[in-house]
Amino acid sequence: MIRLTQIRKSFGRNEVLKGIDLTVSKGEVVAILGPSGSGKTTLLRCINYLERPSGGQIEIGDLRLECKHPSKKEIHRLRGKSAMVFQQYNLFKHKTAVENVMEGLVVVQKVPKEEARKRSVELLEKVGLGAKLDAYPSQLSGGQQQRVGIARALALNPEVILFDEPTSALDPELVGEVLAVIRKIAKEGITMIIVTHEMNFAQEVANRVVFMDQGAVVEEGAPNELFRSPKEERTRQFLQRMT
Ligand code: ADP
């Protein structure tokens with residue numbers, strides 16, 4: 001349901017994605033691993049056009065977009081198909097938890113406020129924040145803020161949720177509650193691409209693991225295979241450093 005073909009991205013002369021091919025099936029959970037600076041975040045941001053790829057093709061569901069010359073309408077449609085969960089949560093500071101979750105529904109999807117609120121409350125309950133509906137981000141822990149971020153992504157009912165190192169800004173004791181929520185929604189069959197440094201989590205939750213280095217996919221495979229017997233030396237070295 002998602003097919004990336006030869007995705008390229010340069011910042012000035014720095015080519016940070018060197019022709020990425022990646023296919024993700026409906027309901028699949030794909031973890032992307034790799035050293036810092038290998039292009040993982042840039043790849044995620046290209047999938048919903050927070051970054052404009054320099055070349056390649058993105059297919060999600062019934063949409064096929066040539067990155068060289070997309071129309072505004074195609075970009076708009078592409079953005080509607082995915083939702084991002086950010087490292088730094090990116091919540092509106094002056095809106096409550098429930099208002100943060102409602103925002104996209106009301107503003108982008110034009111859902112009536114009453115209905116948007118109802119759905120947002122349900123989603124906040126689902127991520128364990130039923131008691132924090134009216135709290136502002138500053139009144140929430142990092143783990144709670146990230147769970148609001150996840151509820152906000154779910155609210156848009158996207159075809160794929162893109163997680164950009166969702167736990168890397170959290171204090172260690174708060175990581176578990178966020179991973180538990182991601183684990184729960186993974187079981188519901190939502191398609192997810194997760195950039196993470198949490199190796200145990202990736203191994204447990206992902207159907208497939210993709211290892212990137214220097215702007216390219218080095219190898220990919222089932223978590224058990226890739227973690228136990230990586231084929232490429234670069235993967236082996238990375239995994240050794242991480243564990
Ligand atoms: P990763 O997520 O694997 O750590 P990134 O995708 O964040 O890697 O970064 C890949 C490379 O792209 C890095 O060299 C980084 O400095 C560069 N880069 C990322 N974003 C920008 C930007 N907005 N402008 C210039 N260079 C960038």
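Index from 1, following the sequence. Note that ligands are numbered from 1 as they come in the structure, with each ligand's atoms numbered from 1 the same way.
With a heavy-atom cut-off of 4.0 Å, Thr42 touches ligand 1 through backbone and side chain alike. Here Asn14 has side-chain heavy atoms under 4.0 Å from ligand 1, and that is the only part of it that gets that close.
Ion pairing of Glu114 with Arg117 is absent here, as no side-chain N (NZ or NE/NH1/NH2) approaches a carboxylate O to less than 4.0 Å.
Under the 3.5 Å distance criterion, the side-chain polar atoms of Glu232 are left unmatched by any main-chain donor or acceptor of Glu219. Distance alone, capped at 3.5 Å, places no donor-acceptor pair between the Asp164 side chain and the Phe86 backbone. Lys184 contributes a side-chain N or O that, together with a main-chain N or O of Lys126, makes up a donor-acceptor pair within less than 3.5 Å.
The shortest non-hydrogen separation linking Val111 to Ala116 is CG1-N, 3.8 Å.
Interface atoms of ligand 1 facing Val16, defined by a heavy-atom separation under 4.0 Å, are 11 (C), 12 (O), 17 (C). Per-residue contacts place Ser38 under 4.0 angstrom from the following atoms of ligand 1 (heavy atoms of the residue considered): 1 (P), 3 (O), 8 (O). Interface of Pro35 with ligand 1, defined as ligand atoms under 4.0 Å from a residue heavy atom, comprises 3 (O).
Across the listed options Gly37, Cys46, Ser10, Gly215, Gly37 owns the non-hydrogen atom lying nearest to atom 1 (P) of ligand 1.
Per-atom contact check: atom 19 (C) of ligand 1 touches the protein, criterion being a heavy-atom distance below 4.0 Å. Distances from atom 16 (O) of ligand 1 to the protein include no heavy-atom value under 4.0 Å.
Residue Phe11 places no N or O, backbone or side chain, under 3.5 Å from any N or O of ligand 1.
Within the model, atoms CG of Leu129 and CG of Leu124 stand 6.0 Å from one another, a figure rounded to the nearest 0.5 Å.
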